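Just so you know, these numbers come straight off a predicted model, no measurement behind them.
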Amino acid sequence: MRCAVGCGHIHKGADIGNGLDTVRGDAAHPVNNGLACGRGIRETADPGGEWLTRPLVRKDGELVRATWDDALDRVADAIKGVNDPDDVAVLGSGQQTNEAAYALGKLARGGIGTRNYDANTTLCMASAVKAYSDAFGSDAPPPTYDDIPEAQTHVVWGANPAVAHPVMFRWIADSARDDDSRLVVVDPVHSETAEMADHHVQLAPGGDFALARAVLAGLVDSERVDEAFVDANTDGFDALRRSLPSVEAAAAEAGVDTGTVDLLTALFDDSTLVYWGMGVNQSVRGTATCRALVDCCLASGNMGPGSGPFSLTGQANSMGTRVCSSKGSWPGQREFTDPDHRRRIAQTWGVPVSRLPDDPGPGPVGIVENDPSVVWTVATNPLAGLPDTAAARETFEDTFLVVQDAFRTETVELADVLLPAATWGESEGTAINMERTVSRVRPATGLPSGVRTDLDVVAAVGARVAPDLFPETTLDPESVFDEFARLTAGTTADCSGISYDRLDDELAVRWPAPDAESSTDYRYYDSETGTWDFPTPSGRAQFSQYTNAETLPLPDPTSDDYPLTLTTARAADGYNTGVRSRDVDDPGPVPARLNPETVDTYSDQITDDRTVLSSVRGSVSATVEADDAVPAGMVWLPIHHPMTNELTIAAVDPESDEPNYKQCAVALVAPETDASVPNDEPTPAEVRQ
C-alpha cells in the first residue's frame, strides 16, 4: 500500500535474500480489481531510500551501534525519568498498520498518560475529520468508490488525484467521460487533474471558503435547495441561510466572477460527488471550508448513492490511524471526554481512568511548541514535514529524541536513539483506506537481521514502561486487532464483525461492520426504506454556522517585502516526505514552479534558473521552472522536499489544529545576496545494505 486508495497487491519474494521479485495488482481484491499505479509498483518492488538496519544510540555526539536491549532501555529510562507524563511527546503516522497504531496509542494514552500524542494525519486530514464529525456525528466520508461510476458530476476541489491517487482518478475520469457526466476542477493551479477536466475554476489562493459560500448562496438564490431533504433530515439550515453573503460579494472575495458561481451552482442539479484534499484542509479556514462543501451537498440533496462529500486521504493508513490509535478519539470514534467511553477504555486496558489524558492534545504543531523533554517519532519525519521546520528543529535539538523508522530521514540525524523498523511488505496486520475498507497486510519477505516490526518495538517499550499494559513483550497482530475490534462494538466505527478469518475469505471489508455478515456501503442511508439516520443527538445532519471563519484572516498575507504567495502540493514521485525518491544527504535546491510572467517580473532575482526563496521564517535555494499552469504571483513547491517547510508558517486551524501550509508569503532574492541558506551536510546513519 502506497497511498490511501488501498490497492491490493500481490508480492512475490526474492528467491535469495530479502526483497521482492515482482509486484502486481491483485485482480481478486475488491478495492482495485487488479489495477495498480506505476508509483505503487515501483516503490514496492524497488524502493529507494536508505534502509536502517541496526539500533543506534548517541554517544559523544555520534550515533553508534547498540544492542536492542541497550537502545530500548535508554528509551524506557528517558520516558520513566520525566516528572510529568506530558513531558513525553509521541508522534505516530499513517504509515503504521492498524495494530501498531492501536498499540502505540494504547501505550501513549494508557501507559504513559500523555496528552502530547498525535500522528501526522493531523497535518493533512484533521479539518475534514472535524467537518464530518460536526455534520454527521462521525468521521469518514459517506460515499465509497462504488458511488464514483454512478455520479454524473465530479467536482475535484483543492486536490490533484491524477498525481496523488492515480487508480482512483481513473475511475473518476472514466465516469466523467459518459455523455451526461462532467469533471470540474477548482484549484488556483492548472494541475494534471485540471488538464483533463471539462471546466477548470481558477480561484484566488485562499479563496476556497468564500467560493463555497458563494455556491451555497447561489443554491438559495436559484431555488436549487432540496427543501424536502433539508426539512426531513437536517437541522440549522434557516440560520445558515440568514448568514450567507451575497453571491456577488463572496465571488469577489474568491477571485471569480458570478458566472463561475452560476456554473458551479448548476452542477448540483445532478448527482454530484465533491472530492477535496489538502488544498482545502491545510488552512486556518480548513474546517469551515470542509463544512461549507458538506453543506453544499446537504442543501442540494446530494446525499445518497452516487453523490456526496468525499474527502481524499493521503497516507496509506491515515483512516486507520484516525479510527484505531486514540489520537483524536478513543478507538471506534468514542468521544474523548465522555465518562462512559473513558471508563470502557480504562477497563479494557486495565489502567485507572485518572491516567487517561483529559483531552486529545494540541496537535503536532502545538506539541512541538510545548517543548517536551522526550519525543518519540514513529514512521514519520517531522523535520521535513512540520511547518516552520527551523523552529521545530530547535525544539528537537533540546529533547531526548527517539526515532523509529525504516528509512534514514532528516529526523534520524538528530536522534538520541534510533530504532530500525520494518516497512510494508515486511509487516503483518491490517490497514483502512479512505473509503473505510479494511484489508490485510502480509509480509512478502522476511525481516532483515536487526530489524523489528513497529508493533514489536512498541510492545518492547511498553514492557519496560508499563509492564501490565501488554500481556507479553511481543504481541500477535491478530490478537491486537481482535482487542481493537471488540472495543469498537456499538460505536459509529464498528469493526467488531471483522476478523482475520473474514478478511482471509473476503480480502476487504468496509466498516461499519457490526456483525460477521455486514459491510456498510453508503453511510447513514437505508436503501431499502429510503430513510436517513445520522449519529447526532437529533438523528439529523447538522448545517454549520461558521462562527468566526468569515473574519479569520489568512495568517501570512503578502506584503511589499514578501509579495508572492507560496503553495505546496504533491509531485508525482513524492511519498512520505520523499525519503524513497530523493537523496537525504543532498536533496538539491527545491524546484519552484512560477508563471512566466512572474519569472519576467523578478528576472533580476534569478540567475541561471537559480534563486533564493525567502519568508519571515527562513530562506532556501531554489531552481526556477517557468510554468503557465501556476498563476502569476504564486510559487509552487513540492510538499515532500525537505526545504519547503523552512518557509511555511506554523499557524493552525482553530478547530482542527491542522497547519496553514498553502498560503504563505515569500520573496525571490538574488542568490549571491543570501547568506542564510544552510550548507551543513547531515551525518550519515547506518543503513541497510
Side chains of Thr430 and Asn98: is there a donor and an acceptor less than 3.5 Å apart?
yes
Between Arg486 and Thr348, a side-chain donor and acceptor under 3.5 Å
no
Could you check whether Asn120 and Thr380, counting side-chain N and O atoms only, form a donor-acceptor pair closer than 3.5 Å?
yes
Compare every heavy atom of Tyr522 with every heavy atom of Thr520, then report the nearest pair and how far apart it is.
CG2-O, 3.9 Å
Looking at Thr568, is its backbone amide N or carbonyl O close enough to the side chain of Lys662 to form a donor-acceptor pair, meaning the two atoms are under 3.5 Å apart?
yes
Donor + acceptor pair across side chains of Lys327, Thr321 (<3.5 Å)
no
I'd like to know if the side chain of His640 reaches the main chain of Gly385, judged simply by a donor and an acceptor atom lying under 3.5 Å from each other, with no hydrogens or angles considered.
no
Check Lys130 with Asp657, please: is the shortest side-chain N to carboxylate O separation under 4.0 Å?
no
Distance-only, no hydrogens or angles: does the Gln282 side chain make a donor-acceptor pair with backbone N or O of Leu123 under 3.5 Å?
yes
Interatomic distance, CD@Glu435 vs OH@Tyr145, rounded to 0.5 Å, equals 5.0 Å
Are the charged groups of Asp340 and Arg343 less than 4.0 angstrom apart, N to O?
yes
Just by distance, with hydrogens left out, do Asn370 and Asp86 show a side-chain donor and acceptor under 3.5 Å apart?
no
So does Ser307 get a backbone contact from the side chain of Asp147, meaning a donor-acceptor N/O pair under 3.5 Å?
no
Verify, without hydrogens or angle tests, whether Arg322 (side chain) and Ser318 (backbone) share a donor-acceptor contact under 3.5 angstrom.
no
Can you see whether Asn645 engages Thr389 through a side-chain donor-acceptor pair at a distance of less than 3.5 angstrom?
no
For Trp276, ring pair (Phe, Tyr, Trp, His ring centres under 6.0 Å) partners two or more places apart
Tyr132
Are a donor atom and an acceptor atom from the side chains of Asp515 and Ser518 found within less than 3.5 Å of each other?
yes
Minimum heavy-atom distance Leu469-Leu107, with the two atoms named:
CD2-CA, 3.6 Å
Between the side chains of Thr491 and Gln333, is a donor N or O closer than 3.5 angstrom to an acceptor N or O?
no
CA sep, side-chain torsions, deciding dist, call: Arg334, Thr492, side chain to side chain donor-acceptor pair (under 3.5 Å):
CA-CA 8 Å; Arg334 293 178 180 272; Thr492 57; over 6 Å; no
Using the rule side chain to side chain contact (heavy atoms under 4.5 Å, CB included), only one of Val480, Asp482, Thr453 pairs with Glu99; which is it?
Val480
Donor-acceptor pair, side chain of Glu658 and main chain of Ala126, under 3.5 angstrom
yes
Side chain to side chain donor-acceptor pair (under 3.5 Å) assessment of Gln404 paired with Asp454:
CA-CA 8 Å; Gln404 180 176 326; Asp454 279 328; 2.8 Å; yes
Less than 4.0 Å between a side-chain N and a carboxylate O, is that true for Asp521 and Arg510?
yes
Check: Ala100 main-chain N/O paired with Thr97 side-chain donor or acceptor under 3.5 Å:
yes
Plane angle bin for Phe534 and Tyr524 - parallel if under 30°, tilted between 30 and 60°, otherwise perpendicular
tilted
If you take all heavy atoms of Pro161 and Val156, which pair is closest and at what distance?
CD-CG1, 3.7 Å
Would Gln96 and Asn317 count as having a side-chain donor-acceptor pair, cut-off 3.5 Å?
no
Are more than 12 heavy atoms from other residues, nucleotides or ligands located less than 6.0 Å from atom CZ of Arg502?
yes
Would you please say whether a donor-acceptor pair under 3.5 Å links the side chains of Ser326 and Lys106?
no
When you measure from the centre of the six-membered ring of Trp330, is the NZ or CZ of Arg344 closer than 6.0 Å and no more than 45° off the axis?
no
All heavy atoms of Arg570 vs all of Gly314, minimum pair found to be NH2-CA, 4.2 Å
Could you tell me whether Arg442 and Asp504 make a salt bridge, using a distance below 4.0 angstrom between a side-chain N and a carboxylate O?
yes
Apply side chain to side chain contact (heavy atoms under 4.5 Å, CB included) to the pair Trp376 and Thr114, showing each step before the final yes or no.
CA-CA 12 Å; Trp376 179 10; Thr114 182; over 6 Å; no
Could you give the distance from NE2 (His341) to CD1 (Ile345), rounded to the nearest 0.5 Å?
8.5 Å
When the ring planes of Tyr500 and Phe481 are compared, do they come out parallel, tilted or perpendicular, using 30° and 60° as the limits?
tilted
For Ser496 and Asp494, test the side chains for any donor-to-acceptor distance below 3.5 angstrom and give the result as yes or no.
yes
Nearest 0.5 Å, what's the OG1-CZ distance between Thr411 and Phe396?
6.5 Å
Quick one: pull up CZ in Phe470 and OG in Ser479 and give me the separation to the nearest 0.5 Å.
10.5 Å
Which of Val412, Thr423, Leu419 passes side chain to side chain contact (heavy atoms under 4.5 Å, CB included) with Leu52? Answer is Val412
Lys/Arg N to Asp/Glu carboxylate O, Asp139 vs Arg436, below 4.0 Å:
no
